[in-house]
**Student:** 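Encoded as structure tokens, here's the structure I'll be asking about.
We're numbering straight along the sequence, starting at 1.
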Amino acid sequence: MTILIIIIVLALIFDYINGFHDAANAIATVVATKVLTPFQAVLWAAFFNFLAYWVFGFGVADTVAKTADTMQIDLVVILAGVIAAICWNLLTWWLGIPSSSSHTLIGGFAGAAVAHAIAVHGFSGYVGPDGATHHWYDIVSWYKAGKDGGMPSGVLIIIAFIVLAPLLGALASYLISIWLLNASRKSIGPKIFTVALMIATIWFVYTQMIPYEEIIKGGHKARFPSSEFWSVALEPHNIKWFLVAFIVLTVSIFCLIFSSLNLHQADAALKKMQLLSSAAFSLGHGGNDSQKVMGIIAAAVVVYINSNPGVHMSSWLDVALPSEDGAFKMPAWIPLACYSAIAAGTLSGGWKIVKTMGSKITKVSSFEGVAAETAGALTLYFTEHLKIPVSTTHTITGSIIGVGLTKRVSAVRWGVTVSLIWAWILTIPISAILAGFVYFILSVFI
């Protein structure tokens, strides 16, 4: 139990470090454009980091918890993974490199699990609890097909999104920028497109809503059992899609009036919209990154239960990973603690990375800030819906690059960008190797 408690404490410390390491993701553009002072910006971002507690479910947490086979590892594996992730995060923060906290954690968990498998079974095959022959690399969930043709999961999918997340962010921000640029012209075409987009958005979001009957299906408790309306309106899945509609419709309304504004009025409106876009991104940051720590804590509890058959867990540690016929069960204090930790970390800043994100990649104005943050937020909501733990760092960096490309290719400082990409590529393998060393060291003493 002592090691389990240490893991929970260290996981929350990692979540705090994640907050100040990734604070720049949400606040760099509003600071660079002087919409908010640095202190105001971190308060704004921290508030929405915490607010994500009421918006997002546990899909990403489930994916992270199943990075390695919890039946085949022990608590030392998870402890080594968290320690390695903390070390790499602190090092990259100190050097001002906006690396991925998400991939650090995934890499650490997977690397420690592989080291454990090699230490216990060597490089030869062994017979697992299921009676089948396994190898050391099978301990990690590399790829798992999705149910009913849905999105597959596993470490390979997470690795794929090292490339796909920034590309999605760049494409979205590029398209939003082109949309805004055309909306500034006094012609009817962009307005027709905007109205059509508004109608399509309302229709799409309506089709994604979960009705009251689905919410209470299978005995699940609604948030407001006495009110069908509020139960539907405040269901986490529905809130997320309401936010998507709100973001798109707000930008659409601005596009409809953009051509009638003078330069000063347009800039003032864009700065106000930056508050909305940065808030939306901070929500996505909190929802995506806090869930990864929830997943690590959940995996640790399940490993402890597997290692101690028949043990009676207190209600505060009553955790269950989802199975084919079960739901993810997690005490309320775990997500509450994780969201609080990341919000507190965001309050602590992370100014070295703010400078890189806010000015070194490309010069950012309010126009670019709105496009980049809106694109980043929508990308995070989309990947969270698919239960894929992506890097908020990669996503917003890609979004900023996409905005820069609308001006000209040379507007992006590619030397800085290439350095960042190398940091992204190396994060998972370095974290995995570091976690493997930490595991072997801990195994001597524990």
Side-chain angles (χ1 to χ4, degrees), residues 16-53 55 93 96 98 101 169 173 176-177 180 243 246-247 250-251 253-254 258 261 263-290 339-381 392-393 395-404:
Y16 170 80
I17 294 170
N18 188 353
F20 73 73
H21 186 279
D22 288 2
N25 298 344
I27 69 174
T29 58
V30 289
V31 172
T33 56
K34 296 182 172 58
V35 172
L36 295 174
T37 66
F39 181 69
Q40 291 171 333
V42 293
L43 281 176
W44 184 255
F47 172 74
F48 285 98
N49 276 171
F50 182 76
L51 197 64
Y53 170 72
V55 176
W93 165 77
S101 299
S173 64
I176 291 171
S177 298
L180 288 169
L243 285 171
F246 180 72
I247 292 168
T250 301
V251 176
I253 291 170
F254 173 77
F258 195 5
L261 303 176
L263 188 61
H264 176 74
Q265 291 172 326
D267 187 58
L270 284 167
K271 286 187 174 182
K272 291 177 181 177
M273 286 177 63
Q274 259 199 284
L275 294 176
L276 168 66
S277 60
S278 65
F281 189 85
S282 294
L283 269 175
H285 173 221
N288 194 286
D289 285 26
S290 289
Y339 283 115
S340 299
I342 199 168
T346 298
L347 279 172
S348 301
W351 310 118
K352 290 186 178 183
I353 299 176
V354 168
K355 186 176 181 181
T356 300
M357 300 293 288
S359 60
K360 286 188 178 179
I361 296 175
T362 188
K363 187 178 179 181
V364 178
S365 66
S366 295
F367 178 93
E368 284 92 7
V370 168
E373 289 160 351
T374 301
L378 293 175
T379 303
L380 289 180
Y381 295 169
T392 53
T393 307
T395 303
I396 193 62
T397 303
S399 299
I400 293 173
I401 290 172
V403 167

**Student:** Please assess Ser173 against Ile400 for the test side-chain contact (heavy atoms from CB on, under 4.5 Å), listing each intermediate value before the final yes or no.
**Tutor:** CA-CA 7 Å; Ser173 64; Ile400 293 173; over 6 Å; no
**Student:** Please find the pair of heavy atoms, one from Thr374 and one from Ser277, that lie closest to each other, and give the distance.
**Tutor:**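 Residues Thr374 and Ser277, closest heavy atoms: OG1-CB, 3.5 Å.
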**Student:** Identify the heavy atoms of Ala52 and Gly286 that sit nearest to each other, and give their distance.
**Tutor:**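 Scanning both residues, the minimum pair turns out to be CB-C, 4.0 Å.
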**Student:** Give me the atom names and distance for the closest heavy-atom approach of Tyr381 to Ala280.
**Tutor:**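 Taking every non-hydrogen atom into account, OH-O, 2.8 Å.
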**Student:** Side-chain contact, heavy-atom cut-off 4.5 Å: Phe48 with Leu51?
**Tutor:**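 A side-chain contact under 4.5 Å exists here.
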**Student:** Please find the pair of heavy atoms, one from Ala372 and one from Ile396, that lie closest to each other, and give the distance.
**Tutor:**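 Nearest heavy atoms, Ala372 then Ile396: O-CD1, 3.7 Å.
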**Student:** Examine distances only and state if a side-chain atom of Ser278 and a backbone atom of Leu275 form a donor-acceptor pair shorter than 3.5 Å.
**Tutor:**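 At least one qualifying donor-acceptor pair exists.
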**Student:** Can you measure from CG (Leu261) to CG (Asp267) and round to the nearest 0.5 angstrom?
**Tutor:**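 If I round to the nearest 0.5 Å, the distance is 11.0 Å.
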**Student:** Measure the spacing between CG of Leu283 and CD1 of Ile247 and express it to the nearest 0.5 Å.
**Tutor:**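 Going from CG on Leu283 over to CD1 on Ile247, the span is 8.0 Å.
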**Student:** Under 3.5 Å, is there a donor-acceptor pair linking the side chains of Ser282 and Trp44?
**Tutor:**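 On atom types as modelled, these side chains do not qualify, holding no pair under 3.5 Å.
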**Student:** Answer yes if the side chains of Asn49 and Thr346 hold a donor-acceptor pair under 3.5 Å, and no otherwise.
**Tutor:**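 Per modelled atom types, Asn49 and Thr346 side chains form a pair under 3.5 Å.
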**Student:** What's the shortest heavy-atom distance between Gln274 and Gly369, and which atoms?
**Tutor:**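 For Gln274 and Gly369, the tightest heavy-atom pair comes out as NE2-CA, 3.7 Å.
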**Student:** So, taking the atom named CZ in Phe367 and the one named CD1 in Ile176, what distance separates them when rounded to the nearest 0.5 Å?
**Tutor:**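 Going from CZ on Phe367 over to CD1 on Ile176, the span is 10.0 Å.
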**Student:** What's the separation between atom OG1 in Thr395 and atom CG in Leu380, rounded to the nearest 0.5 Å?
**Tutor:**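 The distance works out to 4.5 Å.
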**Student:** Does the side chain of Tyr16 reach to within under 4.5 Å of the side chain of Ile342, using non-hydrogen atoms?
**Tutor:**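 When only atoms from C-beta onward are counted, Ile342 and Tyr16 do not touch, as no gap falls below 4.5 Å.
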**Student:** Which one of Thr397, Asn18, Asp289, Thr379 satisfies the side chain to side chain contact (heavy atoms under 4.5 Å, CB included) criterion with Thr392?
**Tutor:**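 That would be Asp289.
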**Student:** Can you find a heavy atom in the side chain of Leu276 that is under 4.5 Å from one in the side chain of Val370?
**Tutor:**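 No, every pair of side-chain atoms sits at 4.5 Å or beyond.
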**Student:** Mind telling me whether His285 and Phe281 have parallel, tilted or perpendicular rings, with 30° and 60° as the class edges?
**Tutor:**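 Ring orientation of Phe281 relative to His285: parallel.
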**Student:** Could you give the distance from CG (Leu378) to CG (Leu243), rounded to the nearest 0.5 Å?
**Tutor:**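 Nearest 0.5 Å value for the CG-CG distance: 10.0 Å.
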